[in-house]
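This report refers to the structure that appears directly beneath it.
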Amino acid sequence: MTVRKNQATLTPDEKRAFVRALLELKRTGVYDRYVNAHNAFLMNDSDFGDRVGHRCPSFLPWHRRFLLDFEGALQRVDPKVSLPYWDWTVDRTPRASLWAADFLGGTGRARDGQVLDGPFAFGAGKWAVTVGVDRRTYLRRDLGAGVRELPTRAELDAVLAMPVYDAAPWNSTSNGFRNALEGWRGANLHNRVHVWIGGHMATAASPNEPAFWLHHAFIDKLWADWQARHPRSPYLPAARTPQVIDLHATMRPWNDVTPADLLDHRRFYTFDTEAPATSGPR
Ligand code: CU1
Ligand code: CU1
């Protein structure tokens, strides 16, 4: 069973293996398929049209499945790898080990935002951005520039305390846990982290930025944490709601999965903060 770990606890070997698997998916072209897919969905998700990945209830199950597919691709390269999560309430500065040269590398240079150190620096020769908003092929970051502070634990706890999953009109104006976590209302959690990293992370092609996966692995964990705190709060809407994905509706681009299928992450992986699953190999 896959165990997802806090990135701050990874050993040097675990960091190396994760980076190696990312670089291998990039080399074979598999990685950029995920960047393209995310880009296409984000561009299409709008408050008043059909929406599935963002600005809607299925923001959380859509990204859960997206991450599961990607983690599966990583594990075909190296079965020992899993997606680490980044708790940005704790590791909240550009000096955090996440941004060291042995992991994701640091912020971009002032002139053009180009990341210059670490395995994803353009100069290292293995990370050319091919899906994006312009012709610059180097990974860009500007940590802490677009917004100065990452969300705090207190802001996060206030959102985790919200008892209702989501509410009409099921978009970026909704009052509920999903929209507060996504960040369109209130303290702005998920969206703010994209902006804090800046560069590619602040575009629709955000998976060009490897930190995308660590950020979304944490968002995914927060959904699980919220479920544990509110065991009687269901996914909403339950049924028959136009333009969004209800509990038993199929989520595109997949034709075999509904939110109901994804509610229990323990079918697929556990987090290092949980007791290990009682059956099955680790
Ligand atoms: Cu997304
Ligand atoms: Cu995101």
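Everything numeric in this text was worked out from a predicted model, so none of it was measured. Counting starts at 1 for both ligands and their atoms, in listed order.
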message: So that I can tick it off, tell me whether Asp69 and Arg65 are bridged by a salt bridge, with the cut-off set at under 4.0 angstrom between side-chain N and carboxylate O.
response: yes
- line: Near the Cu ion (ligand 1), meaning under 2.8 Å, the protein N/O/S atoms are His38 NE2, His54 NE2, His63 NE2
Salt bridge (charged side-chain N to carboxylate O under 4.0 Å, His left out) against [X], all qualifying residues, sequence neighbours excluded:
X: Asp47; answer: Arg55
X: Arg16; answer: Asp13
X: Lys80; answer: Asp78

query: Got a sec: is His215 within less than 2.8 Å of the Cu ion (ligand 2) via an N/O/S atom?
result: no
Once the angle between the rings of [X] and [Y] is folded into 0 to 90°, is it parallel (under 30°), tilted (30 to 60°) or perpendicular (over 60°)?
X: Trp99; Y: Trp86; result: perpendicular
X: Tyr235; Y: Tyr165; result: tilted
X: His38; Y: Phe212; result: perpendicular

message: If I take the Cu ion (ligand 2) as the centre, what angle separates the NE2 atom of His190 from the NE2 atom of His194? Nearest 10 degrees is fine.
response: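 Computed angle, vertex at the Cu ion (ligand 2), rounded to 10 degrees: 100°.
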